[in-house]
**Q** 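Pasting a structure below so you can have a look.
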Amino acid sequence: MFSNLAEKLQDTFRRLKGKGKLSEKDVDAAMREIRLALLEADVNFKVVKEFVNSVRERAVGQEVMGSLTPGQQVIKIVNEEMTSLMGDKQSALAGPGKEPTKVMMVGLQGSGKTTTAVKLAAHLRREGRRPFLVAADIYRPGAVKQLEVLSDSIGEKYYSNLEIDPVEICREGLKMADREDCDVAIFDTAGRLHIDEDMMSEIGAIKNEIEPDEILLVVDAMTGQDAVNAAASFNEAVGLSGVILTKLDGDTRGGAALSVRKVTGCPIKFVGVGEKIEALEPFYPDRMASRILGMGDVLSLIEKAEASIDQDKAREMEKKLRQQQFTLEDFKDQMVQLRSMGSLDDILSMLPEGGNIPKEIRQMSLNENNLKRVEAIISSMTREERYNPSLLNSSRRRRIAAGSGTTVQDVNRLLNQFNQMQKMFKQMNSGGKKGMAKKMKKIKKRFPF
Amino acid sequence: MSLIDHFKKGLARSKSGFMGRLDGLFSSGEINDDFYEELEEIMVSGDVGVKTSIKLVDKLREEVKNRKLKEREEARKLLLNLIIDIMNSGENPAEPEEKPYIILLVGVNGSGKTTSAAKLANLYRRKNKEVLLVAGDTFRAAAIEQLEIWAERAGVELIKQQAGSDPSALFFDAMNAATARNIEVVIGDTAGRLHSRYNLMEELKKIHRVIGRNIAGAPHQVLLVVDATTGQNAVAQAKNFNQSLPIDGLILTKLDGTARGGIVINIQDELGIPVCYVGTGEKMEDLASFDPEDFARALLES
């Protein structure tokens with residue numbers, strides 16, 4: 001996510017960092033590059049103008065010119081301004097009250113309302129709340145069915161009725177949510193164009209009927225300059241309380257993320273980062289800013305690791321590493337866990353300087369076939385072989401290659417990499433903390449994917 | 001309502017944004033630096049993209065200088081021609097000759113593939129062709145049901161499998177069915193996929209291979225469905241999809257918004273892929289052929 005924007009900005013920063021002193025000309029040149037990078041990322045041109053102006057104002061002032069590391073100062077300013085542009089702090093959903101919290105989803109066609117409504121329900125369930133879904137999109141063929149199927153897949157309750165109009169559906173749905181003892185009701189409305197007056201008055205009517213606590217606008221992160229117009233129109237018509245950005249897992253430069261908050265004053269509350277139901281995350285402006293600027297987002301990485309890695313297994317693994325009993329079996333386990341954390345590319349982008357890893361390698365990591373191949377090879381070994389790879393003579397290797405649909409070369413390569421890793425772990429155990437970082441870098445290089 | 005009227009209607013609504021501002025800019029005053037600056041700004045804000053905007057403005061500046069023009073109104077025609085030059089760079093795919101003629105729709109999530117497949121089926125049905133729709137989006141919940149409802153409304157046949165089944169297998173069956181049932185035009189829907197997802201793009205390649213193995217030369221048309229409100233990412237979409245399988249043209253959907261569709265100029269400039277159809281509404285008839293010159297004229301002429 002944001003990969004292109006991050007790359008461009010980091011280039012600019014690298015040039016700035018190298019300078020001991022910054023002239024006004026240097027700053028101007030940098031601002032021009034930032035302006036272009038933001039425009040190409042679909043950040044609204046008005047927002048770009050203001051942003052660049054405020055950064056520039058601070059950058060040519062005392063704050064930077066007097067500093068010993070002016071380049072770093074500029075980066076710090078950009079980081080701060082970007083964080084404030086996206087709303088400074090994470091903002092949560094309205095909390096539980098006496099009655100069910102009412103959350104209404106609105107947006108343009110194809111922005112991802114229905115999927116996001118169900119993702120939100122799953123998210124709230126994980127937080128210990130009792131969600132209820134209401135399918136009020138009776139216009140798009142199959143929309144109600146889509147919500148039903150998705151809700152069923154995660155076992156959430158819902159209300160749908162194709163016989164009555166959306167306002168009545170929402171009224172009935174709310175009653176039902178109350179009866180089912182749910183503490184949050186999510187209303188999925190039909191996609192509509194912000195200039196379609198009839199449809200806009202319909203969501204007005206729904207709003208009056210159910211008096212929602214939250215009206216969330218679902219915005220496709222790939223939307224161009226028009227994103228702010230749509231957001232502003234919806235805000236005018238019904239008054240938004242927040243925004244959910246979807247499809248942020250692509251290579252979108254996410255200009256909408258940087259513009260929408262500024263124009264509507266509404267915070268981005270969640271981001272959709274994948275096709276799976278679990279792929280909805282709270283939005284943290286500060287973390288996002290440092291990711292865009294290539295400073296990494298270690299906090300999110302740790303949270304992600306905690307959420308997807310089995311703690312007991314991790315402890316066991318650590319013990320094994322220390323006692324140098326790391327086997328191919330463990331290697332496979334690690335790989336499976338790593339995969340459950342998301343794409344390696346995503347993980348790398350959260351590491352400081354992770355953006356410096358060559359693009360080819362990052363793209364290679366997207367190639368999940370490599371991971372699958374490694375898994376297949378190890379799965380084709382006997383238990384004995386996995387614990388004692390020295391058993392693997394050429395005839396056994398041929399068998400494994402045939403069994404996993406790979407070649408003997410592939411098997412050899414994997415075994416080599418595994419050997420090197422084992423050596424590395426041995427060194428790590430004997431070496432101090434300082435040597436560790438260096439070695440970790442080496443490991444990254446030798447990892448087979 | 002004729003197709004042309006639909007097209008006009010779609011563009012007329014768009015006028016309030018990008019086009020209206022362009023029109024306003026050219027209608028009076030003399031040519032000066034402010035004019036160029038504002039022109040560039042309007043084009044960038046219309047999703048034309050920084051690179052293409054700068055290129056167009058530079059070219060315009062040169063022409064204006066060469067011809068020693070003073071009034072903005074005089075520059076209008078020049079810009080119109082520059083845009084038409086870009087828009088005519090690609091070649092529109094031919095009308096169906098082979099039988100069965102296979103059209104495959106691809107694109108990112110939510111761009112409007114399923115609806116466009118239905119509209120396209122309706123279009124060919126109106127031309128009295130035997131049409132078969134293939135419910136190739138086996139991934140998204142209820143996508144099959146969505147297309148089923150459309151197929152019924154359009155009165156065309158539909159071939160489907162269970163949700164979650166392998167789309168390549170479905171297309172294999174569809175090709176056999178098309179030959180057996182004497183179908184003239186096959187329109188294949190596919191699941192939405194982000195172009196940066198390696199596995200999903202590989203799946204698409206496989207579908208393409210399976211179709212080609214069954215019917216030589218097929219699919220005859222691969223159309224990328226792009227949401228007109230998409231920004232610069234549309235160029236990345238077109239580029240990446242085109243790398244995986246040859247894209248013959250675009251369907252630009254949701255042009256009835258204030259969507260300015262400036263992204264089309266950008267895509268044509270960078271990749272030379274023509275726009276074949278535009279979606280201008282939610283009804284089945286709301287699909288029109290795209291005429292680049294009309295589009296450019298609509299942009300600039302009041």
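Just so we're on the same page: letters track the sequence lines, and every chain starts at 1. Note: hydrogens, waters and symmetry copies are ignored here, and every other heavy atom, side chains too, is used.
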**Q** Taking side chain as everything from C-beta outward and backbone as N, CA, C, O, which of these in A/Lys49 sits under 4.5 Å from a heavy atom of chain B? Side chain, backbone, both or neither.
**A**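 A/Lys49 touches chain B through side-chain heavy atoms alone.
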**Q** Anything in residues 148-156 of chain A with a heavy-atom distance to chain B below 4.5 Å? Please list those residues in order.
**A**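 So far as heavy atoms go, A/Val149, A/Leu150 are the residues that approach chain B to under 4.5 Å.
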**Q** If you take all heavy atoms of B/Asn233 and A/Asp42, which pair is closest and at what distance?
**A**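 B/Asn233 and A/Asp42 have their closest heavy atoms at N-OD2, 3.9 Å.
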**Q** Provide the closest heavy-atom pair for B/Val44 versus A/Gln225 in the form atom of the first, atom of the second, distance.
**A**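 B/Val44 and A/Gln225 have their closest heavy atoms at O-CG, 3.4 Å.
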**Q** Do B/Asn109 and A/Glu275 pass the side chain to side chain contact (heavy atoms under 4.5 Å, CB included) test, and can you show the C-alpha distance, the side-chain angles, and the key distance before you say yes or no?
**A** CA-CA 10 Å; B/Asn109 316 61; A/Glu275 292 190 331; 2.9 Å; yes
**Q** Within the distance-only criterion (no hydrogens, no angle test), does the side chain of A/Lys145 pair as donor or acceptor with the backbone N or O of B/Glu145 below 3.5 angstrom?
**A**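 Absent.
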**Q** Compare every heavy atom of B/Glu282 with every heavy atom of A/Gln109, then report the nearest pair and how far apart it is.
**A**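 Of all heavy-atom pairs spanning A/Gln109 and B/Glu282, the closest is NE2-OE2, 2.6 Å.
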**Q** Nearest heavy-atom pair of B/Ala142 and A/Gly142: which atoms, and what distance?
**A**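 The answer is CB-O, 3.3 Å.
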**Q** What residue in B/Ile144, B/Asn240, B/Ile149, B/Thr230 has the most heavy-atom pairs under 4.5 Å with chain A?
**A**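 Of the candidates given, the most pairs with chain A belong to B/Thr230.
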**Q** Check this for me: B/Arg193, atom CZ, are more than 12 non-hydrogen atoms of other residues, nucleotides or ligands nearer than 6.0 Å?
**A**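 More than 12 within 6.0 Å, yes.
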**Q** Please name the pair of heavy atoms, one in B/Arg153 and one in A/Pro141, separated by the smallest distance, quoted to 0.1 Å.
**A**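 Residues B/Arg153 and A/Pro141, closest heavy atoms: NH2-CG, 4.1 Å.
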**Q** Looking at CG of A/Leu39 and CD of B/Glu41, how far apart are the two atoms once the value is rounded to the nearest 0.5 Å?
**A**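 With rounding to 0.5 Å, CG (A/Leu39) is 9.0 Å from CD (B/Glu41).
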**Q** Just how far is it from atom CZ of B/Arg140 to atom OG1 of A/Thr115, taken to the nearest 0.5 Å?
**A**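 OG1 of A/Thr115 is found 7.5 Å from CZ of B/Arg140.
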**Q** Contact part of B/Val235 toward chain A, heavy-atom cut-off under 4.5 Å: side chain, backbone, both or neither?
**A**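 Neither; nothing under 4.5 Å.
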**Q** Counting only heavy atoms closer than 4.5 Å, note whether B/Gln237 contacts chain A via side chain, backbone, both or neither.
**A**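 When you check distances to chain A, only side chain atoms of B/Gln237 fall under 4.5 Å.
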**Q** First locate atom OG1 of B/Thr229, then atom CG of A/Asn229, and finally report the distance between them rounded to the nearest 0.5 Å.
**A**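 Between B/Thr229 OG1 and A/Asn229 CG, I get 11.0 Å after rounding to 0.5 Å.
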**Q** Side chain to side chain contact (heavy atoms under 4.5 Å, CB included), that's the test. Do B/Leu194 and A/Met222 meet it? Break it down for me.
**A** CA-CA 11 Å; B/Leu194 291 177; A/Met222 294 181 284; 3.9 Å; yes
